[in-house]
> 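Shown below is the structure under consideration.
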Amino acid sequence: MHFYIINMKISNLLIQWYLSNKRNLPWRKTLDPYKIWLSEIILQQTRVDQGTAYYHKFTENFPTVFDLANATEEEVLKLWQGLGYYSRARNLHFSAKYIVNNLNGEFPSTYSEIIKLKGVGDYTASAIASICFNEATAVVDGNVYRVLARYFGISTAINSTKGIKEFKNIAQELIVAEQPGTFNQAIMEYGARVCKPQNPICDTCELNNSCVAFGKNEIQNLPFKEKKIKIKKRYFNYIVFKMPNKITVIEKRISGIWQNMYQFPLIETSKEIDIEELLSNKKFDELFQQKKINVKLFNNDLIVHKLSHQHIYTKFWVVEVDNCELDTIKWSEIGKYPVPKLVDNFLSEYKFN
DNA sequence: TACGCGTGGGC
DNA sequence: TGCCCAAGCGT
């Protein structure tokens, strides 16, 4: 009983704090499940500062789920360009079509129906169900893991099966059934603004006298996460065709990183190569055969593009040639295609004359 | 189940 | 600098 009263106090404190401290974010002006869904997908593993502009772009270009469903995947990816984790955009578009074609355009209204949408997992389904439909399903995101791990002094790994269940159960016990959406947003906002990963504001935290980690000086050690990821090194050699009349060649990636995004023809190697090695490369030879070419390396220093799980060391080779057998596009049209940041950065620096 | 999947910011 | 982290999900 004592534990229950304490928990009630925490939940209500979080809500009271939230009501007087919440940020004025654009998706907090609506309860339209389509827009809440949009915001939640955009904010997956993404900071508010980075995602906000994309939320505006998407709600302006696609005000309703019908507009999104009627777009092409390429248009959606182009709008998503620069935000990363592009499967979010592909799944968003897929699910929009599903809602329009199979649900008569009506957004699903329960957790169990919402989670059936591709790209929507436990967190996102809980967020939408609680915010838009008052269903008492607790969200557990990075913020919630942190607040709960510290406050209750829980050292179970947050990325273990056991930890995922444990934290979900605790959050579910804490949720305020009468205002689940407000509680969910309150605990997340608290994690983002007070109980931060670095330099949390413990001194003035209203929960510090009952926070286990604070009392035991364990704030820096919680939440606990298992192991680290290994960074793989990859070596990309992009072949930038430079042909008469400002013509070039691009291709669509079919799998892995940047799936369905566009790039220049790629020769991936197991290590950095110089021009001699490029010229004797089999794929390079297939591209140009015995044609007369002029090859220039755009970047003298390797461009390192860092992703979560891999570092891509890149060279852009500009190859002048009169013609080719591949499909070509005008250089001026290249901006229409969705491209990864690595290619976008090149495009903003390189001048095709 | 463990791993693949982007980009940017903070220290 | 290198590492961690950010309103996670799919397979």
Side-chain angles (χ1 to χ4, degrees), chain A residues 18 22-23 25-28 36-55 77 80-92 94-95 114-131 138-147 157-165 167-168 171 181 183-193 195-200 220-232 234 253 255-261 304-312 338-345:
Chain A
Y18 177 71
K22 66 178 178 181
R23 289 167 290 180
L25 302 174
W27 44 88
R28 287 182 177 160
I36 298 299
W37 172 51
L38 203 48
S39 74
E40 293 297 347
I41 300 298
I42 287 172
L43 290 172
Q44 285 169 5
Q45 297 288 280
T46 303
R47 286 189 165 78
V48 166
D49 288 344
Q50 190 189 4
T52 300
Y54 286 83
Y55 176 79
L77 281 172
W80 200 272
Q81 179 180 305
L83 194 56
Y85 283 154
Y86 297 97
S87 66
R88 292 183 291 173
R90 298 193 303 270
N91 289 334
L92 186 76
F94 179 93
S95 293
I114 296 169
I115 202 170
K116 291 178 182 172
L117 300 175
K118 199 177 280 190
V120 171
D122 177 72
Y123 163 77
T124 304
S126 299
I128 299 171
S130 64
I131 294 170
V139 297
V140 184
D141 73 334
N143 292 307
V144 177
Y145 280 125
R146 190 167 54 253
V147 172
I158 62 172
N159 56 345
S160 66
T161 303
K162 183 167 179 284
I164 291 169
K165 281 185 186 174
F167 283 96
K168 175 77 179 184
F183 171 80
N184 278 338
Q185 295 184 82
I187 190 169
M188 288 191 285
E189 186 87 344
Y190 204 78
R193 310 259 295 170
C195 197
K196 300 180 292 180
Q198 278 91 33
N199 305 320
Q220 295 300 329
N221 302 325
L222 295 173
F224 173 71
K225 195 182 277 189
E226 269 170 357
K227 64 191 115 177
K228 302 172 187 175
I229 45 175
K230 299 171 194 166
I231 306 288
K232 292 176 185 171
R234 300 176 72 178
R253 291 186 64 89
S255 65
I257 56 166
W258 304 326
Q259 185 182 335
N260 293 1
M261 307 281 282
V304 187
H305 190 78
K306 297 181 177 181
L307 292 76
S308 301
H309 291 70
Q310 45 188 294
H311 289 180
I312 300 174
V339 297
K341 192 66 181 168
L342 174 61
V343 174
D344 194 41
N345 289 343

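To find a chain, count down the sequence lines: A is the first, B the second, and so on, and within it residues start at 1. Keep in mind that what you see is a predicted model, and the values were worked out from it rather than measured.
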> Could you tell me the separation between the CZ atom of A/Phe167 and the C1' atom of C/dG8, rounded to a whole number of Å?
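For the pair A/Phe167 CZ and C/dG8 C1', the rounded distance is 16 Å.
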> Tell me: CD1 of A/Ile42 to C1' of C/dC9, nearest whole Å?
16 Å
> A/Lys232 near the nucleic acid: base, sugar-phosphate alone, or nothing, with a heavy-atom cut-off under 4.0 Å?
sugar-phosphate
> Not counting sequence neighbours, which residues clear salt bridge (Lys or Arg N to Asp or Glu O under 4.0 Å) with A/Lys116? List them please.
A/Glu113
> Heavy-atom count check: over 12 atoms from other residues, nucleotides or ligands less than 6.0 Å from A/Lys196 NZ?
yes
> Between A/Arg146 and A/Lys118, just flag the one whose closest nucleotide in DNA chain C comes earlier from the 5' side.
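Result of the comparison: A/Arg146.
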> When all nucleic acid strands are considered with a 4.0 Å heavy-atom cut-off, which category describes A/Val139: base, sugar-phosphate, or nothing?
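A/Val139: no heavy atom of the nucleic acid under 4.0 Å.
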> Without decimals, in angstroms, what is the distance between A/Lys168 NZ and C/dA7 C1'?
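Rounded to the whole Å, the gap is 13 Å.
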> Could you measure between the two P atoms, the one in B/dC5 and the one in C/dA7, and give it in whole Å?
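One P to the other, the span is 23 Å.
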> Base, sugar-phosphate, or nothing for A/Leu25, non-hydrogen atoms under 4.0 angstrom?
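Base, at least one base heavy atom under 4.0 Å.
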> Heavy atoms under 4.0 Å, any strand shown: does A/Thr161 hit a base, just sugar-phosphate, or nothing?
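Answer is sugar-phosphate: A/Thr161 comes under 4.0 Å of backbone atoms only.
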> So which one's nearest nucleotide on DNA chain C is more toward 5', A/Ala125 or A/Gln50?
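First, find each residue's nearest nucleotide; the 5'-ward one identifies A/Gln50.
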> Could you tell me how far apart A/Asp49 (CG) and C/dA7 (C1') are, to the nearest whole angstrom?
13 Å
> For A/Trp27 and A/Tyr55, take the angle between the two ring planes, folded into 0 to 90°, and tell me which bin it lands in: parallel under 30, tilted 30 to 60, perpendicular over 60.
perpendicular
> Indicate whether the side chain of A/Tyr123 and that of A/Glu40 have a donor and an acceptor atom separated by less than 3.5 Å.
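Short answer, yes.
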> Going 5' to 3' along DNA chain B, which nucleotides are the first and last within contact of chain A (any atom under 4.0 Å from a heavy atom)?
B/dT1 to B/dC11
> Contact class for A/Arg28 (heavy atom, under 4.0 Å): base, sugar-phosphate, or nothing?
base
> At under 4.0 Å between heavy atoms, what does A/Trp80 touch on the DNA or RNA strands: base, sugar-phosphate, or nothing?
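No contact.
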> What distance, rounded to whole Å, do you find between the two P atoms, one in B/dC3 and one in C/dC4?
16 Å
> Strictly below 4.0 Å: does A/Gln45 bring a side-chain N or O up to OP1 or OP2 of C/dG8?
yes
> Whole angstroms only, please: what is the CZ-P distance between A/Arg90 and C/dC9?
16 Å
> Are the side chains of A/Tyr86 and A/Trp258 in contact, using a 4.5 Å heavy-atom criterion?
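Yes, close enough: below the 4.5 Å cut-off.
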> Identify the two heavy atoms, one from A/Gln44 and one from A/Gly119, that lie closest to each other, and give their separation to 0.1 Å.
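What the structure gives for the nearest pair is NE2-O, 3.4 Å.
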> Touch check for A/Asp122, heavy atoms < 4.0 angstrom, all strands: base, sugar-phosphate only, or nothing?
sugar-phosphate
> Using the P atom on both, measure C/dC9 against B/dG8 and round to a whole Å.
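About 22 Å, rounded to a whole number of Å.
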> Do A/Ile41 and A/Val120 have side-chain heavy atoms sitting under 4.5 Å apart?
yes
> Quickly work out the A/Asn159 CG to C/dC5 C1' distance and round it to whole Å.
13 Å
> Within this structure, what is the NZ-to-C1' distance between A/Lys196 and C/dA7, rounded to whole angstrom?
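Roughly 17 Å, once rounded to whole Å.
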> For a quick check of understanding: with a heavy-atom distance under 4.0 Å over all strands, which category does A/Leu307 fall into, base, sugar-phosphate or nothing?
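It contacts base atoms.
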> How would you label the contact of A/Leu83 with the nucleic acid (heavy atoms, under 4.0 Å): base, sugar-phosphate, or nothing?
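Contact class for A/Leu83: base.
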> Compare every heavy atom of A/Pro338 with every heavy atom of A/Asn260, then report the nearest pair and how far apart it is.
O-CG, 4.4 Å
> Rounded to the Å, how far apart are A/Glu40 CD and C/dA6 C1'?
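So the CD-C1' distance, A/Glu40 to C/dA6, works out to 13 Å.
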> Hey, does A/Gly51 reach any base, or is it just sugar-phosphate, or nothing, if we go heavy atoms under 4.0 Å?
nothing
> Give one of base, sugar-phosphate or nothing for A/Gly256, where a contact means two heavy atoms less than 4.0 Å apart.
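Sugar-phosphate contact only - A/Gly256 comes under 4.0 Å of backbone atoms but never of a base.
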> Pick base, sugar-phosphate or nothing for A/Gln259, based on heavy-atom distances below 4.0 Å to the nucleic acid.
nothing
> Tell me which of A/Asn199 and A/Tyr85 sits closer to the 5' end of DNA chain B, going by the nucleotide each one is nearest to.
A/Tyr85
> Sequence neighbours left out, what passes salt bridge (Lys or Arg N to Asp or Glu O under 4.0 Å) with A/Arg193? Give chain and number order.
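Once residues adjacent in sequence are excluded, A/Arg193 has no partner under the salt bridge (Lys or Arg N to Asp or Glu O under 4.0 Å) criterion.
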